[in-house]
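Quick note on labels: first sequence line is chain A, next is B, and so on, each numbered from 1. Atom set for the values below is all heavy atoms of this structure, side chains included, hydrogens, waters and symmetry mates excluded.
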There are 2 protein chains.
Amino acid sequence: MGNQSVTIKDVAKAAGVSITTVSRYINKRYESMSVETRERIEKVIEELNYQPNKMAQGLKGQTRTIAVVVVNLGYPFAVSVIRSISSVLSEMGYALLVGESADDTEQEAQLLQSLISQGVDGIIIQTSGQNNELLERIAAEKPVVLIDRQFDVPGAANVITNNQEASRELTERLFQQGYQHVVFVSEEPSNLSTRVERLDGYLAACRAASIPSDVRWVLREDPVSIAALAKDLQSQPPKKPFAVYTANGLVMLELYPKLTHLRYSIPNEMGIATFDEPDWVHVTRPRLTCVRQPTDEMGITAAQTVLRRLTDRPAQVAKPGQVGLVRATNPDSDTKAHPKNRFGERTENQTTVIPSEVIWGDSSSLR
Amino acid sequence: MGNQSVTIKDVAKAAGVSITTVSRYINKRYESMSVETRERIEKVIEELNYQPNKMAQGLKGQTRTIAVVVVNLGYPFAVSVIRSISSVLSEMGYALLVGESADDTEQEAQLLQSLISQGVDGIIIQTSGQNNELLERIAAEKPVVLIDRQFDVPGAANVITNNQEASRELTERLFQQGYQHVVFVSEEPSNLSTRVERLDGYLAACRAASIPSDVRWVLREDPVSIAALAKDLQSQPPKKPFAVYTANGLVMLELYPKLTHLRYSIPNEMGIATFDEPDWVHVTRPRLTCVRQPTDEMGITAAQTVLRRLTDRPAQVAKPGQVGLVRATNPDSDTKAHPKNRFGERTENQTTVIPSEVIWGDSSSLR
DNA sequence: ATGAAAGCGCTAACAC
DNA sequence: GTGTTAGCGCTTTCAT
C-alpha cells in the first residue's frame, strides 16, 4: 500500500478531479462538492493511503501540530501533563511534538526556534522564564500557553495550580497533626512562581501558627548538599516531633534515602511530606504524604486554550485588531484576564488556576 | 530582533546577493563563494536572526530532524535513551522530535505517519512490533533504527542490550547467594524480544542450577493481578529463602509495595531484584538489586546509526543500487549484518548489542 | 563565484 | 460545483 510519496496530484488524477477539489476535501469543505465527488475522493484516498504532506500544508496555512516543551521528562508531572494534552489534541486531529529544555535558557531558545521553523501552530511550555521576550514574539503570531510556572508574557495564557494555597494547607495540617516544627526544603531561590508560591504558602502557615519557619536550600544532583542537610537534621535536631517537607518530588527522591537513615522514627519523631506525587509514593513505608497536582485538568485546559485561540484568531497571523477574549470553561478554575497594550494592538492575557489536592499518607500522621 | 518571518529573500536582499548564494551559505557550500560574500551573509543572518524554514527545506531535501518514538515516557529507560540521542543529534545540528506510542498499534501507526508527513529524516523507535510492514516501507526511504526491542524489519537497524545474558547472570547470582528458588514475574507473554530473552535467561539459569523454574504472569495497571500474585506468595510459600525477580521496573514498582507487606524478612527470607534501574532504587530499604541498561550507549549508537545511514545514502530517497554496508563502531558491540534482498536491491540489516550491568543491592544479599 | 528560474505539495483567490 | 493559477521558502540545475 501507498506511503508518503503519494501526493495530492495522484489522488486528483485517480479520482478524476482537480487538486483543488481534493484540497477542499482534505479541509472538509464538503459544501462545495457533490456527494459523488466527495465519496469518490474518499475512496481513492483510502485506497492510496494518502496522507497530506504537513510541510507543504505548513508552508501555506497550518500544520495542525502543537508543541509542548517541558523542563524535565523524568518528572512524572511532565509526562502526565503531556499525556493529557496529547489525548485532547489527537481527538481534535492535531499532532503533538514533545521537547525537553533541561531548564536551560539556551537549549530552550533553540528548541523554540526549531519548533517554530518546524511550523507548529501553537506552543505549550513549562518555561525556564529566561526566554520571555522570545515567547512574547512567538505569542504575537501563534497561541502560547505557559504551564505550571507563571510568567507575565504579553499575549500568552497561563495554566497553573494553586501552589500557595496547597502548600499552606499541607503545612497547616502538619501542625494540626501535632508536629512542632516543619523544615521546608527547596531548590535554590529563584523567581519561578512554583518555588516562590510554595515557599510563601509554607511561610504563611508558620506565621498563622506562630511557629518559627525553617527553610533549607539544597542543590539537586549534588549529593553533598543533600548529605549536609541530613547531617544537620541529625546533629542539630529541630524541636520534636518535626516534619520535613520538600518543595517538589525530585528533591524528595534524593533526600528520602538520607532521611530514612537518620535516627528518628517515622512518623512519630519525624514526618515526611512533599509537593508533587512521585510514582514511587507507594514504595515507601510508611506511605509518603504528597500533593497531587491536577495534571489532567492542566493538560486539558492548556490544550483547549491553544485550540480555542487558534480558532478565535482572525487568521493564522494575528492581524492588528481583535484577539478574542478567551475565558476558562473549567468550573473549578479561577480566571483573571488583564488586557495588555502592545504595538498598539489589544491582546488578552489569561490565567487559569486549577487546585491541587493533598494526599495524606501515613509518613506524617502521628499516632 | 527578527523572528520566524525573516526569509531567505530578506537575507539575500540585505546582503545584496541572490537567494541562491544564501542557500549555498546555509548548506555550508563555502567553496563556491568568496570570503567576503560569506562573511557578509554571516553577519546579516546574525543581525536578522534568520532561521531557515524547515518546512520549506523539507519540501525539497532534508529537514535535519530525527524522530524518536518510545512506548512509555514514564519509563526512566525511555527518558534516558532520549536524552542520550538528543545530545548526539543536537551536536550534529539535528533537531529531535519525541513521540509516545503507548504500545498501541493504531497510535503508533498514526504517529509514524504524522512524523513522516512532518518530514523527519530518520526514525528511532522502540516499537510495538505491530507495524513492521509500515516500518519496512519507511525504512526503504529513510533510516530506521529499532531500539530496545529487536525485530527483523528489512532495511532497519537494531540497537539492543544483551537481555538474555544479563537475565541469566542475575538469576545465577541469586542462586549463588543461596536463594533456593527464584520467582520470575513478567507481563503477559508476547513476542517482544525483551520479554522473551529475559525469560530465556532466567530459564537457562534455572536449568543450569537444576532448580525448578517458577514463572508468574501479571498485568500491569491491574491491581487485582498483582494482589493475587502477592497472596499466592504468602499462602503457598516457595522454598525458602527465595527471591522475586521482575522482568522490568514498572512491574516491580507495582509489586514492591505488596511484597513488603508479606510476612517475609527481606533479604533473608525473600530477596528482591528487577531488570531495569528505576529511579527509586535508593528509596527502598534494603536497597533493590537491579539491572542497569546501557541507555547512554544505546542512545548514542542509535543516533550515530541514523546519521551514518543518512550520510551513506546515495540520495534522500534510496536509489535502486547500493545502500552502503554499515558497521558498528562501538568496541563493546557485537554486530551481525545479514544482507536482505528486496525489490531486487541490496540492503543491509544490522544489530548492535550493548551489554547491561547488574547492580547488586542489598535486598537480595543473604547475610 | 554568482544568479535566474523551475518546482517540491499544498492552499486560496478568482474565474467559470 | 469545479478548475486555473499564483505563490509559500527553499534547493538545485543550468547559465554566465
query = Just how far, in rounded Å, is C1' of dG9(C) from CG of Asp10(A)?
reply = 10 Å
key: Modelled atom types, side-chain donor and acceptor of Asn72(B) and Arg83(A), under 3.5 Å   = yes
query = Between Ile8(A) (CD1) and dT4(D) (P), how many Å, whole number?
reply = 14 Å
message = Looking only at the side chains, is there a donor atom on one of Ser34(A) and Thr37(A) sitting less than 3.5 Å from an acceptor on the other?
response = yes
ask   = With a 3.5 Å cut-off and no angle check, do the side chains of Gln350(A) and Thr305(A) form a donor-acceptor pair?
value = no
From dG1(D), dT2(C), dG7(D), nucleotide with atom closest to Thr37(A) side chain = dG1(D)
request  = Measure from CD on Gln57(A) to P on dC8(C) and round the result to the nearest Å.
outcome  = 17 Å
request  = To the nearest Å, give me how far apart OH (Tyr50(A)) and C1' (dG9(C)) are.
outcome  = 7 Å
request  = Please report, rounded to the nearest Å, how far the P atom of dT2(D) is from the CD1 atom of Ile41(A).
outcome  = 8 Å
message = Closer than 4.0 angstrom, basic N to acidic O: yes or no for Asp103(B) and Arg149(B)?
response = yes
query = Between Leu59(B) and Met33(B), which is nearer to the 5' end of DNA chain C once each is assigned its nearest nucleotide?
reply = Met33(B)
query = Of the residues in residues 17-31 of chain B, which ones touch DNA chain C at a heavy-atom distance under 4.0 Å?
reply = Val17(B), Ser18(B), Thr20(B), Thr21(B), Arg24(B), Glu31(B)
request  = Go through the structure and list residues passing ring-ring contact (aromatic ring centres under 6.0 Å, His included) with Tyr94(A), not counting sequence neighbours.
outcome  = none
ask   = What's the CD-P distance between Gln118(A) and dC10(D), to the nearest Å?
value = 14 Å
query = Lys9(A) has an atom NZ; how far is it from atom P of dT5(D), in whole Å?
reply = 14 Å
ask   = With a 4.0 Å cut-off, would you call Lys43(A) and Glu39(A) a salt bridge?
value = no
query = Could you state the CG-C1' distance from Asn53(A) to dG7(C), rounded to the nearest angstrom?
reply = 14 Å
